[in-house]
2 protein chains.
Amino acid sequence: MNDLEGLTPEQIDKISKARERVIDSIGKNMDLYGITLSIGHLYGYMYFNQGPVTLDELSKTMGMSKTSMSTGVRTLLDLKMIDKVWGRGTRKDLFTTVPDWHQNFSDYFSIKWRKAVEGNMISLAKSLAEINDMKKEYSDDSKLMQLLNTDEEKITESINYYRWLLKLIESFENGKIFEFIPKEES
Amino acid sequence: MNDLEGLTPEQIDKISKARERVIDSIGKNMDLYGITLSIGHLYGYMYFNQGPVTLDELSKTMGMSKTSMSTGVRTLLDLKMIDKVWGRGTRKDLFTTVPDWHQNFSDYFSIKWRKAVEGNMISLAKSLAEINDMKKEYSDDSKLMQLLNTDEEKITESINYYRWLLKLIESFENGKIFEFIPKEES
DNA sequence: TTTAGTGTACAGTTTTAACTTTACGTACTT
DNA sequence: AAGTACGTAAAGTTAAAACTGTACACTAAA
């Protein structure tokens, strides 16, 4: 957190301003997919820092408690946006960003969405089965049957959507999405 | 909100349970992309109801204030997940779901992300320009130059990511994504 | 013009989430 | 074995968001 040491105050000011703006937009971006603004900033600082940082350094730079850094860092670890790295000569944990944002993006959806979507699909399947049971049981009640049919149709359509979504998530996971939308060269 | 009228209590119970489960998973799904659980439920109820509903009906069914329904409905309207429809013989506003979830998904990202991403790109470009100015100004200070270069590289990489993201969003907007990952037939 | 019905802005309340302080368990050092 | 450094759990506090009730503006009918 001190890679600006040895520069003139004016230089520090200029660089800091430029960095600050980027860090801010990183924060806003992460906010878009449900990560706290402050954790976004946390990532931003780490992103610009040369080399890994400790909880204490983060705490000092962010002006927040060490506990907050601990939880924030853990969130980012869970999302695979940062790594814990080993450093000789210190007992402190060291953390560094995973700088591949395309990968971050993919991991995020994979981690956060896959499980939920799969859970939802199970629920839908269960309800669909119940509807079908009812269709057998009350097959002579035409008014009810009509209702059951529209419900069935709606659930089926939802399942189709989730299936699509799952395939999208898979294309993130296996990188096929980058065949469809290539990363920028350079 | 009363399309179950005329059924036996047992039938109502069964259907309600099946629906409730689906509505719940709809809520959870929408929660994934930052929509309140309760608004998700709101959508879920509307999704299953035959025909459009009024704020008062929603309020009664959801057991929440009419004000909340008003704001919730407005949120869903902004995201183009529901439509306001016209009904003869009533002065109440009528709302109905847009049942195409693939479209909903696309709209959501288009609406929620595009603007933010574009804003971020502008910020990054500004910072990049400042870094480049500094590179000219302090071209004789090799330590500083090194720092500036790594910063520049990081910002450039970010911009690449945002460009990619924008292209992804565009593929949602123009439907090209469905050529890559087709909707399920059936 | 009045009157009744409707949606929403606004202020107030409650619930939820973020953050801090304190305290503790673990692991390393001596 | 005792002390120290470190990360985090737990409880407490503060800030933010969700939600409610009231009041008001607008429209349409009488």
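Convention: sequence-line order gives letters A, B, ...; per-chain numbering from 1. Computation of the quantities below employed the complete heavy-atom set of this structure, encompassing side-chain atoms and omitting hydrogens, waters and symmetry-equivalent molecules.
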**Q** Which nucleotide wins on minimum distance to the side chain of A:S70, given the candidates C:dG7, D:dT8, D:dG7?
**A**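 Between C:dG7, D:dT8, D:dG7, the one nearest the side chain of A:S70 would be D:dT8.
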
**Q** Extract from the structure each pairing of a protein N or O with an N or O of nucleotides 26-30 of chain C at less than 3.5 Å, listing the distance.
**A**
none

**Q** Between B:I35 (CD1) and D:dC19 (P), how many Å, whole number?
**A**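 For the pair B:I35 CD1 and D:dC19 P, the rounded distance is 13 Å.
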
**Q** Please write out each protein N/O paired with an N/O of nucleotides 13-18 of chain D under 3.5 Å, distance rounded to 0.1 Å.
**A**
none

**Q** With sequence neighbours left out, write down each residue that passes side-chain contact (heavy atoms from CB on, under 4.5 Å) with B:I122, or none if nothing qualifies.
**A**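 B:I122 satisfies side-chain contact (heavy atoms from CB on, under 4.5 Å) with no residue once adjacent residues are dropped.
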
**Q** Could you give all pairs that pass the salt bridge (charged side-chain N to carboxylate O under 4.0 Å, His left out) test and reach residues 86-97 of chain B, with sequence neighbours left out?
**A**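 Checked against salt bridge (charged side-chain N to carboxylate O under 4.0 Å, His left out) - neighbours excluded - the pairs reaching residues 86-97 of chain B are B:D56-B:K92, B:K84-B:D93.
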
**Q** Give me the other members of the hydrophobic cluster that B:V85 sits in, counting Ile, Leu, Val, Met, Phe, Trp and Tyr linked by side-chain heavy atoms under 4.5 Å, directly or via other members.
**A**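 Joined to B:V85, directly or through intermediates: B:L94.
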
**Q** Take the protein atom CG of A:L94 and the nucleotide atom C1' of D:dC6, then report the distance between them rounded to whole Å.
**A**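 Spelled out: CG on A:L94 to C1' on D:dC6 is 12 Å.
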
**Q** How about NZ on A:K154, more than 12 heavy atoms from neighbouring residues, nucleotides or ligands closer than 6.0 Å, or not?
**A**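 More than 12 heavy atoms, drawn from other residues, nucleotides or ligands, come within 6.0 Å of this atom.
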
**Q** What I want to find out is whether A:E130 reaches B:K17 closely enough, with some N-O distance under 4.0 Å, to be called a salt bridge.
**A**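 Salt bridge between A:E130 and B:K17, a charged N being under 4.0 Å from a carboxylate O: no.
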
**Q** Could you tell me how far apart A:L42 (CG) and C:dA18 (C1') are, to the nearest whole angstrom?
**A**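 Whole-Å distance recorded here is 14 Å.
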
**Q** Expressed as a whole number of angstroms, how long is the span from B:L37:CG to C:dA17:C1'?
**A**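 Atom-to-atom, B:L37 to C:dA17, this comes out as 15 Å.
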
**Q** Please report, rounded to the nearest Å, how far the C1' atom of D:dC26 is from the NZ atom of B:K92.
**A**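 From B:K92 NZ to D:dC26 C1': 16 Å.
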
**Q** Show the atom names and distances, to 0.1 Å, of all donor-acceptor pairs under 3.5 Å that link a side chain in residues 23-34 of chain A to residues at least two apart or in another chain.
**A**
from: A:D24; atom 1: OD1; to: A:H41; atom 2: NE2; distance (Å): 3.2
from: A:S25; atom 1: OG; to: A:V22; atom 2: O; distance (Å): 3.1

**Q** Can you pull the salt bridge (charged side-chain N to carboxylate O under 4.0 Å, His left out) pairs that have at least one residue in residues 109-129 of chain A, sequence neighbours excluded?
**A**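 For residues 109-129 of chain A: A:R114-A:E118, A:R114-A:E170, A:R114-A:E173.
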
**Q** Calculate the interatomic distance between B:L58 atom CG and D:dT20 atom P; express it in whole Å.
**A**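 After rounding, the reported distance stands at 13 Å.
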
**Q** Taking B:P9's backbone N and O only, do any of them form a donor-acceptor pair with B:D13's side chain (distance below 3.5 Å, no angle check)?
**A**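 Checked: no pair found.
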
**Q** Any side-chain donor paired with an acceptor under 3.5 Å for A:Y45 and A:E20?
**A**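 Yes, a side-chain donor-acceptor pair sits under 3.5 Å.
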
**Q** Taking DNA chain C as the partner, which of residues 74-90 of chain A come within under 4.0 angstrom of it by heavy atom?
**A**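 Those residues: none at all.
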
**Q** Return the value, rounded to whole Å, for the distance between atom CG of A:L55 and atom P of D:dA9.
**A**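 These atoms are roughly 12 Å apart.
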
**Q** Taking side-chain contact (heavy atoms from CB on, under 4.5 Å) as the test, write out the residues that go with A:D133, two or more places apart.
**A**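 Checked A:D133 against side-chain contact (heavy atoms from CB on, under 4.5 Å); zero matches.
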
**Q** Counting N and O atoms only, with roles assigned by atom type, does the side chain of B:T36 sit under 3.5 Å from a partner on the main chain of B:I39, one being a donor and the other an acceptor?
**A**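 No; zero donor-acceptor contacts below 3.5 Å.
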
**Q** Can you give me the N/O atom pairs linking the protein to nucleotides 21-23 of chain C at distances under 3.5 Å, or say none if there are none?
**A**
from: C:dT21; atom 1: O4; to: A:T67; atom 2: OG1; distance (Å): 3.1

**Q** Go through the structure and list residues passing ring-ring contact (aromatic ring centres under 6.0 Å, His included) with B:H102, not counting sequence neighbours.
**A**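 A:Y161, A:W164, B:F178.
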
**Q** So if I apply the side chain to side chain contact (heavy atoms under 4.5 Å, CB included) rule between A:M81 and each of A:L77, A:L79, A:D78, which one comes out positive?
**A**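 The option that passes is A:L79.
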
**Q** What is the distance from CE of A:M62 to P of C:dC19, rounded to the nearest Å?
**A**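 Atom-to-atom, A:M62 to C:dC19, this comes out as 8 Å.
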
**Q** Identify, with sequence neighbours excluded, every residue that meets side-chain contact (heavy atoms from CB on, under 4.5 Å) alongside B:K14.
**A**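 If we apply the side-chain contact (heavy atoms from CB on, under 4.5 Å) test to B:K14, skipping adjacent residues, the hits are A:M134, A:E137, A:Y138, B:E10.
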
